[in-house]
Undergrad: 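Shown below is the structure under consideration.
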Amino acid sequence: MEHIVGDLISMLKEVSASEPLILSMAFGFGLIVLESIIPVLPLALFIALNMILFGNLPGFFLSWVATICGCILSYSICKYGLGNKFYGYLKNHPKIDAILVKIKKITFSKLVVIMAIPFTPAFSINIGAGLSKMDFKKFFFALLIAKLSIVYFWGFVGTTLLESLTDITVLAKLGFIVIIAFVLSKIVLKKFHFE
């Protein structure tokens with residue numbers, strides 16, 4: 001299996017090298033944006049490939065910007081595209097309306113921590129934030145902070161979840177990054193007064 005993966009990565013590097021760099025990076029960017037809209041696609045694989053093909057720092061930055069753009073796109077589709085249709089449906093379902101009110105009122109720090117945990121389904125957060133009509137600035141700054149840990153986790157940790165969970169140093173680093181995300185959220189909260 002390791003041999004097959006190695007051959008596949010070598011082949012992808014050759015294809016990437018034969019195309020203009022901007023086209024290869026646009027493809028890597030597009031895959032991550034698409035994953036934000038179609039959650040069954042493997043984000044971990046796309047981030048790991050970007051970092052393998054373009055290098056750690058450029059791959060990290062490309063993946064971070066792409067996942068933020070994808071989440072904003074997903075949020076916008078739900079807030080502006082589906083939101084108006086969905087609110088007509090809510091009139092008959094007060095329980096759903098109550099859930100959306102709770103989502104909208106979630107504190108900035110809690111939102112950052114929820115988004116920063118790699119196993120939280122980002123697609124459902126984007127949908128909930130969009131349908132609840134959460135303030136865009138609050139959503140955006142939470143994304144900027146939280147997605148750093150997601151991209152780090154899936155990019156630097158490795159390509160398989162099992163490897164990540166068996167390496168205590170990786171889990172310690174992830175915990176440290178979540179704590180940093182929480183502290184940054186408190187600083188941003190103080191500056192922009194989201195609550």
Undergrad: Looking at F136, I want to see if its CZ is surrounded by more than 12 non-hydrogen atoms of other residues, nucleotides or ligands under 6.0 Å.
TA: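 Atom CZ in F136 is crowded, with more than 12 foreign heavy atoms closer than 6.0 Å.
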
Undergrad: Going by heavy atoms in the side chains, are L73 and I37 under 4.5 Å from each other?
TA: yes

Undergrad: Roughly how far, to the nearest 0.5 Å, is the CG atom of L131 from the CD1 atom of I99?
TA: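 I99 CD1 to L131 CG: 12.0 Å, rounded to 0.5 Å.
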
Undergrad: May I ask whether I38 and F27 are part of the same hydrophobic cluster, defined by side-chain heavy atoms of I, L, V, M, F, W, Y residues being less than 4.5 angstrom apart, directly or through others?
TA: yes

Undergrad: Any side-chain heavy atom of I114 within less than 4.5 Å of one from I106?
TA: yes

Undergrad: Could you tell me if the side chain of I150 sits less than 4.5 Å from the side chain of L43, heavy atoms only?
TA: yes

Undergrad: Verify, without hydrogens or angle tests, whether K147 (side chain) and M115 (backbone) share a donor-acceptor contact under 3.5 angstrom.
TA: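 Pair absent, no side-chain N/O of K147 close to backbone of M115.
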
Undergrad: Can you tell me how far NZ of K79 sits from OG of S74, rounded to the nearest 0.5 angstrom?
TA: 13.5 Å

Undergrad: Any pair with a residue in residues 35-49 that passes side chain to side chain donor-acceptor pair (under 3.5 Å), sequence neighbours left out, goes on the list, sorted by first then second residue, please.
TA: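 Found none.
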
Undergrad: For the atom pair CD1 (I145) and CZ (F140), what is the distance rounded to the nearest 0.5 Å?
TA: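 One gets 10.5 Å once the value is rounded to the nearest 0.5 Å.
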
Undergrad: Within this structure, what is the NZ-NZ distance for the pair K138 and K104, rounded to the nearest 0.5 Å?
TA: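 Interatomic distance, K138 NZ to K104 NZ, rounded to 0.5 Å: 9.5 Å.
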
Undergrad: Taking all heavy atoms of S132 and all of I103, pick out the closest pair and write down the distance.
TA: OG-CG2, 3.7 Å

Undergrad: Kindly indicate whether the side chain of W64, heavy atoms from C-beta on, has any atom under 4.5 Å from the side chain of L144.
TA: yes

Undergrad: Output every pair passing side chain to side chain donor-acceptor pair (under 3.5 Å) with a member in residues 43-53, not counting sequence neighbours, ordered by first then second residue.
TA: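 Every side chain to side chain donor-acceptor pair (under 3.5 Å) pair that includes a residue of residues 43-53, provided the two are not neighbours, is N50-S63.
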
Undergrad: Can you list the residues that meet the side chain to side chain donor-acceptor pair (under 3.5 Å) rule with S185, with sequence neighbours excluded?
TA: S109

Undergrad: For the hydrophobic clusters of this structure (ILVMFWY residues joined by side-chain heavy atoms under 4.5 Å, transitively), does one cluster hold both L23 and I52?
TA: no

Undergrad: Do V112 and F141 have side-chain heavy atoms sitting under 4.5 Å apart?
TA: no

Undergrad: Give me the ring orientation class for F139 and Y75: parallel if the planes are under 30° apart, tilted from 30 to 60°, perpendicular past 60°.
TA: parallel

Undergrad: Quick check: closest heavy atoms across M134 and L111, and the distance to 0.1 Å?
TA: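 Nearest pair, atom of M134 first, then L111: SD-CD2, 3.6 Å.
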
Undergrad: Rounded to the nearest 0.5 Å, what separation is found between the OG atom of S149 and the CD1 atom of I179?
TA: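 Answer rounded to 0.5 Å: 12.0 Å.
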
Undergrad: Show the nearest heavy-atom pair for residues F54 and G59, with the distance to one decimal.
TA: CB-N, 4.2 Å

Undergrad: A142 and F108: which non-hydrogen atoms are nearest, and at how many Å?
TA: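 A142 and F108 have their closest heavy atoms at N-CE1, 3.5 Å.
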
Undergrad: Which heavy-atom pair separates F182 from V113 by the least distance, and what is that distance?
TA: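 That would be CD1-CG2, 3.6 Å.
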
Undergrad: Of L62, T67, I68, which is the lone residue that meets side-chain contact (heavy atoms from CB on, under 4.5 Å) with I32?
TA: T67

